[in-house]
Peer 1: 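Right, I'll just put the structure down here and ask away after.
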There are 2 protein chains.
Amino acid sequence: MTQPASGQPRVFVPVITPFTADLAVDTRRFVGFCKWLVSQRAGLAVFGTNSEANSLSLAERLELLDALVDGGIDPRVLMPGTGSSALPDAVALTRHAVRRGCGGALVLPPFFYKGVAEDGVYRYYSEIIEKVGSAALQLYLYHIPQVSGVPITLSLIARLREKYPKTVVGIKDSSGDWENTRQVLEQFPGFQVFPASEALLQRALPLGAAGCISATANLQPGTIADYIDNWSRPDAERLNARLSAVRLRMQSTTMIPALKAVVAHHADDQAWLTVRPPLSGIAPSEAQKLVADLAALGFEMPGLGSHVH
Amino acid sequence: MTQPASGQPRVFVPVITPFTADLAVDTRRFVGFCKWLVSQRAGLAVFGTNSEANSLSLAERLELLDALVDGGIDPRVLMPGTGSSALPDAVALTRHAVRRGCGGALVLPPFFYKGVAEDGVYRYYSEIIEKVGSAALQLYLYHIPQVSGVPITLSLIARLREKYPKTVVGIKDSSGDWENTRQVLEQFPGFQVFPASEALLQRALPLGAAGCISATANLQPGTIADYIDNWSRPDAERLNARLSAVRLRMQSTTMIPALKAVVAHHADDQAWLTVRPPLSGIAPSEAQKLVADLAALGFEMPGLGSHVH
């Protein structure tokens, strides 16, 4: 088994999903990259926003998860995204995650209808929990209102925690709104809060954040893990500055194709460049500039080649 | 076969989808209601926004379409929604619609990512068309930016029409923005434009609109069909006033559960009230008031009982 160096990972990666030239999922490259991430002490929040998960079919998501577990990755480090706009799909994906022994499931709210009543979102989560019907389910809510259009409010968290205290155990807060993250941390002691950017760790860890689930964890999982382990030490500032420099450079471009361009370069494998519609790739010149700028920051992906080839 | 009285329908219904008490799709009620709609000279834009289509799984959508055609509905009056945030699902649904002989397919853009480049949306549609690979495909674009987050721009229509003039044949414009509808009508002669409300017919039909695809066509398909056939006659104003009164009353509530409440009443069948999360039903008192208000307007659903029982 490919396992993290020690204990439960605290940085989870919304793993980018490779595609073949004809836009099929590329299972072999996916498993190889996931093994590298785990070797860097990361957990795998596969099928997240940065994974193009909602561009994948139900069958593709089920099969890719099987490939990871069957490929030897310890399912306890897996926190697959299992939400869907279609309740039956969310149930099927969450049930599958539990059956395969995943440490958690990160569940988007249904994201087609906008302005829905909170009670409808509550019923979506409660239907999933009741239909999966397993004490092993560890469900993480996914708050990304700027994309989903459906917020996970404080009152919704309170209601779900009240009814399912042993199942609804955490949240990924991708709002980028520190005030919201702070309130969740303060109002729900013991609830596992993962900001969606390592930029918030400096403020969130002292308040008890569980870790982070971050796009750029695809690139620098080990450095983020180091920072989480050492944030209270005097030299943590140096680590944080390294994280920030890479993250800020990435944020100045289009995240998903840019992540793929960086991995394509460091894996020496152009197949990684492919994205599925509706996304578009970045221009080769933009990718070259990005890679050069990251190199100037001392960025590298140690050991990647030996896992993906 | 259940067929429209004559010719190609010009009013299409985004048919509401009935569910059983445990939230499964209720195929029998669905087919019965669809047969009533067709008897009223309506076409069936099943699996639209008002159908809770994105709350259905791929398998459910495939099976419900089969049930309609196998149940004797002329597939030429069917324009199922076949879009999805996942390209493989959109391909599978569109291919299935063509195989079953549907008159058209109404294709939402992928609706998870926001702010995507137009080229990515173009590639989504071109991938569907190329992968389905059938001259029989009649594809209608679906412009509903306030929900999908992804507009169908005039330049995207132009590009798709240029490349696939015999396939990309029309659009449903649910923006509610008359200026947009007018521009599409004027810039693309021969393109079949369906506003999403009968309220726009008075202005759109003189400019050559094909008809409409409207939520309230679930309730008053025959009256809308009458209006489309007679809009240029002196007494059309009277018909339009009837349509407007019902529509305005419906728009003052929450559309999908309200449509279901009205059908539940007129079919004398409370099973119609069920909605799938994330939607919520309307309060019984609100439903009662709605039904009474519509009755005061002289609203009825002639012959519904004989089709749904």
Side-chain angles (χ1 to χ4, degrees), chain A residues 19 22-25 49-50 52-61 83-93 108-128 130-131 144-150 254-257 275-282, chain B residues 19 22-25 49-50 52-61 83-93 108-128 130-131 144-150 254-257 275-282:
Chain A
F19 298 104
D22 68 348
L23 299 178
V25 293
T49 298
N50 288 287
E52 301 172 72
N54 296 297
S55 304
L56 305 181
S57 70
L58 174 65
E60 287 173 332
R61 285 162 81 171
S84 172
S85 64
L87 177 61
D89 288 357
V91 171
L93 288 162
L108 259 179
F111 50 82
F112 182 69
Y113 294 107
K114 309 304 185 287
V116 294
E118 187 172 298
D119 191 59
V121 187
Y122 175 84
R123 288 199 307 126
Y124 165 85
Y125 282 111
S126 66
E127 283 289 331
I128 293 171
E130 302 285 352
K131 287 193 160 129
I144 182 168
Q146 69 276 28
V147 179
S148 68
V150 176
T254 310
M255 186 59 78
I256 297 170
V275 293
R276 236 182 213 178
L279 302 188
S280 302
I282 57 174
Chain B
F19 298 104
D22 69 347
L23 300 178
V25 293
T49 298
N50 288 287
E52 301 172 72
N54 297 298
S55 304
L56 305 180
S57 71
L58 174 66
E60 287 173 332
R61 286 162 81 170
S84 171
S85 65
L87 177 62
D89 287 357
V91 171
L93 289 161
L108 258 180
F111 50 83
F112 181 69
Y113 294 107
K114 310 302 185 287
V116 293
E118 187 172 298
D119 191 60
V121 186
Y122 174 83
R123 287 199 307 127
Y124 164 86
Y125 283 111
S126 66
E127 282 290 330
I128 293 171
E130 302 285 353
K131 286 192 161 131
I144 182 168
Q146 69 277 28
V147 180
S148 68
V150 176
T254 310
M255 186 58 79
I256 297 170
V275 292
R276 234 181 214 180
L279 301 188
S280 302
I282 58 175

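Letters A, B, ... are given to chains in the order of the sequence lines, protein chains preceding strands, and every chain is numbered from 1.
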Peer 1: Does the side chain of A:Tyr113 come within less than 4.5 Å of B:Thr49's, by heavy atoms?
Peer 2: yes
Peer 1: To the nearest 0.5 Å, tell me how far A:Ser148 OG sits from B:Lys114 NZ.
Peer 2: 7.5 Å
Peer 1: Below 30° counts as parallel, above 60° as perpendicular, anything between as tilted: where do the rings of B:Phe112 and A:Phe111 land?
Peer 2: perpendicular
Peer 1: Where the side chain of B:Tyr124 meets the backbone of A:Leu279, is there a donor-acceptor pair that is under 3.5 Å apart?
Peer 2: no
Peer 1: CZ/B:Arg123 to CG/A:Leu23 distance, rounded to the nearest 0.5 angstrom?
Peer 2: 6.5 Å
Peer 1: Sort A:Glu60 into side chain, backbone, both or neither according to what part of it lies under 4.5 angstrom from a heavy atom of chain B.
Peer 2: side chain
Peer 1: Is chain A contacted by the side chain of B:Ala92, its backbone, both, or neither, given a heavy-atom distance below 4.5 Å?
Peer 2: neither
Peer 1: With a 4.5 angstrom heavy-atom cut-off, could you sort out which part of A:Ser84 is near chain B: side chain, backbone, both or neither?
Peer 2: neither
Peer 1: Side-chain contact, heavy-atom cut-off 4.5 Å: B:Leu87 with A:Glu52?
Peer 2: no
Peer 1: Answer with side chain, backbone, both or neither: which region of A:Ala59 has an atom nearer than 4.5 Å to a non-hydrogen atom of chain B?
Peer 2: neither
Peer 1: Which one, B:Ser126, B:Gly120, B:Ala117, leads in non-hydrogen pairs under 4.5 Å with chain A?
Peer 2: B:Gly120
Peer 1: Using a 4.5 angstrom heavy-atom cutoff, name the option from B:Val147, B:Val150, B:Val116, B:Asp89 with the most pairs to chain A.
Peer 2: B:Val147
Peer 1: Counting N and O atoms only, with roles assigned by atom type, does the side chain of B:Ser85 sit under 3.5 Å from a partner on the main chain of A:Asn54, one being a donor and the other an acceptor?
Peer 2: yes
Peer 1: As an exercise: rank A:Ala86, A:Ala90, A:Pro109, A:Gly281 by heavy-atom pairs under 4.5 Å with chain B and give me the winner.
Peer 2: A:Ala86
